[in-house]
Amino acid sequence: MSPHPAAFETIGDPRAASSLVFTCEHASNELPEWVANSEDAPLLAEHWGWDIGAAALTRELVSWLGACAVLSRFSRLVCDPNREPDDPTFVVERIGDHALSWNREIDATERARRRDRYSEPYHAEIDRVVGARRASHRATRLCSIHSFTPTWHGKPREMEIGVLFDSHEAVAGRLIDDLAEAGFVTAANEPYSGYAGLIHAARRHGRAHDIVYVEVEVRQDLIDTRPRAREIVRRLVPAIERLARSDLD
């Protein structure tokens, strides 16, 4: 089956001098083939449907750093490219007590179709970009951009940026220190842990191409508008530029 034209978007120059390739697995809350009903629509607009602000942050990073990025163009509620296809949460059938209309009674054949039409083309584009850079001997590092909610189960989250990893601990540690120096409240493997298998995209492509990879999570209220995302990137740039350099290995 051919990929859906909405599977991914590539921005910036894959041949850029910057070593960084950004990915954004939850960039969109679009339903390319379905129409949400009145009960579904609010969930798509919330963090269930996408990572609020993550796409804006990714675009600003590419613009500021002269890098490139691959962004998804379908909601994580179609299928989640940051999960293994055999993970039960690859396609979410319900949120709380609400069954999503386009995922109701979904079967294995439809899960496989969505994998082949959306998730795999998205990952294939990351492989294409990273593979081309590696083939031309360009330094390459992978940084997956995500966002997290300001509150969880009614409790405010003070942390502003988390760095997730399951390898390259020295690189991740240096990034955490640099973010703290820039004034961010930051932590390692929060609000989720890379060691728990929750950085599927970064790990998949980082290991496949033998490159440094991390996932960066930013609190959504800091980046939920383009101007806010731009201001956060302005503060982020020194730390991210250092991540891009090869002297961390």
Side-chain angles (χ1 to χ4, degrees), residues 1-11 22-59 69-128 144-153 191-192 196-205 215 217-218 220-221 223-226:
M1 176 174 290
S2 61
H4 195 281
F8 61 84
E9 176 187 7
T10 303
I11 62 173
F22 295 101
T23 70
C24 190
E25 283 69 48
H26 303 150
S28 173
N29 62 355
E30 295 297 316
L31 298 178
E33 301 179 49
W34 304 269
V35 176
N37 63 32
S38 60
E39 294 179 339
D40 296 324
L43 294 169
L44 279 167
E46 296 173 4
H47 70 277
W48 303 107
W50 62 333
D51 277 5
I52 295 168
L57 185 69
T58 302
R59 294 179 191 280
V70 180
L71 300 88
S72 72
R73 297 185 65 190
F74 55 92
S75 172
R76 66 195 300 180
L77 294 178
V78 171
C79 61
D80 192 337
N82 207 33
R83 296 289 185 271
E84 295 274 5
D86 60 358
D87 189 304
T89 63
F90 178 68
V91 176
V92 175
E93 295 185 49
R94 61 176 57 244
I95 296 174
D97 294 330
H98 178 70
L100 297 166
S101 60
W102 62 93
N103 290 344
R104 193 174 290 126
E105 298 180 357
I106 190 171
D107 60 15
T109 299
E110 175 61 10
R111 285 176 179 266
R113 187 188 76 87
R114 295 189 193 185
R115 176 199 66 205
D116 294 343
R117 200 168 196 194
Y118 294 100
S119 183
E120 286 307 309
Y122 171 78
H123 286 293
E125 177 65 2
I126 298 172
D127 279 331
R128 185 192 70 80
S144 180
I145 301 295
H146 290 255
S147 68
F148 63 94
T149 58
T151 61
W152 187 246
H153 295 303
Y192 321 103
L198 298 178
I199 58 170
H200 168 66
R203 182 182 66 247
R204 170 175 171 167
H205 300 287
E215 180 174 307
E217 293 259 1
V218 181
Q220 289 169 359
D221 59 312
I223 56 173
D224 58 0
T225 67
R226 193 66 180 264

Handout entry: D40 vs W102 side-chain heavy atoms within contact, under 4.5 Å
Key = yes

Exercise for the section: Please examine the side chains of H98 and L100, heavy atoms only from C-beta on, and report whether any two atoms are closer than 4.5 Å. Expected result: yes

Exercise for the section: State the CG-CZ distance between D86 and R115, to the nearest 0.5 angstrom. Expected result: 10.0 Å

Handout entry: Check ion pair E120-R204 (N to O, under 4.0 angstrom)
Key = yes

Handout entry: Residues R111, E93: salt bridge by 4.0 Å N-O rule
Key = yes

Problem - Interatomic distance, F148 atom CZ to I52 atom CD1 [nearest 0.5 angstrom] - result: 12.5 Å

Handout entry: L71 and R59, any side-chain heavy atoms less than 4.5 Å apart
Key = yes

Exercise for the section: Can you measure from CD1 (I145) to CG (D51) and round to the nearest 0.5 angstrom? Expected result: 10.5 Å

Problem - Side-chain heavy-atom pair L198, E217 within 4.5 angstrom cut-off - result: no

Problem - Flag, side chain of R104 to backbone of A99, donor-acceptor distance under 3.5 Å - result: yes

Exercise for the section: Taking the side chain as every heavy atom from C-beta outward, state whether I126 and E25 have any pair of such atoms under 4.5 Å apart. Expected result: yes

Exercise for the section: Would you confirm whether S72, through its side chain, and A27, through its main-chain N or O, come within 3.5 Å as a donor-acceptor pair? Expected result: yes

Practice task
With rounding to the nearest 0.5 Å, note down the distance linking CG in N29 to CZ in R76.
Solution key: 11.5 Å

Practice task
Check whether any side-chain heavy atom of L77 lies under 4.5 Å from a side-chain heavy atom of I95, and answer yes or no.
Solution key: yes

Practice task
Indicate the ring-plane relationship of Y118 and F74, choosing parallel, tilted or perpendicular according to the 30° and 60° boundaries.
Solution key: tilted

Problem - Any donor-acceptor N/O pair, S75 side chain to L31 backbone, under 3.5 Å - result: no

Exercise for the section: Check whether any side-chain N or O of N82 sits under 3.5 Å from a backbone N or O of H26 as a donor-acceptor pair, and report yes or no. Expected result: no

Problem - Under 3.5 Å donor-acceptor, H146 side chain and E215 backbone - result: no

Handout entry: Flag side-chain contact, heavy atom, 4.5 Å: R83 against H200
Key = no

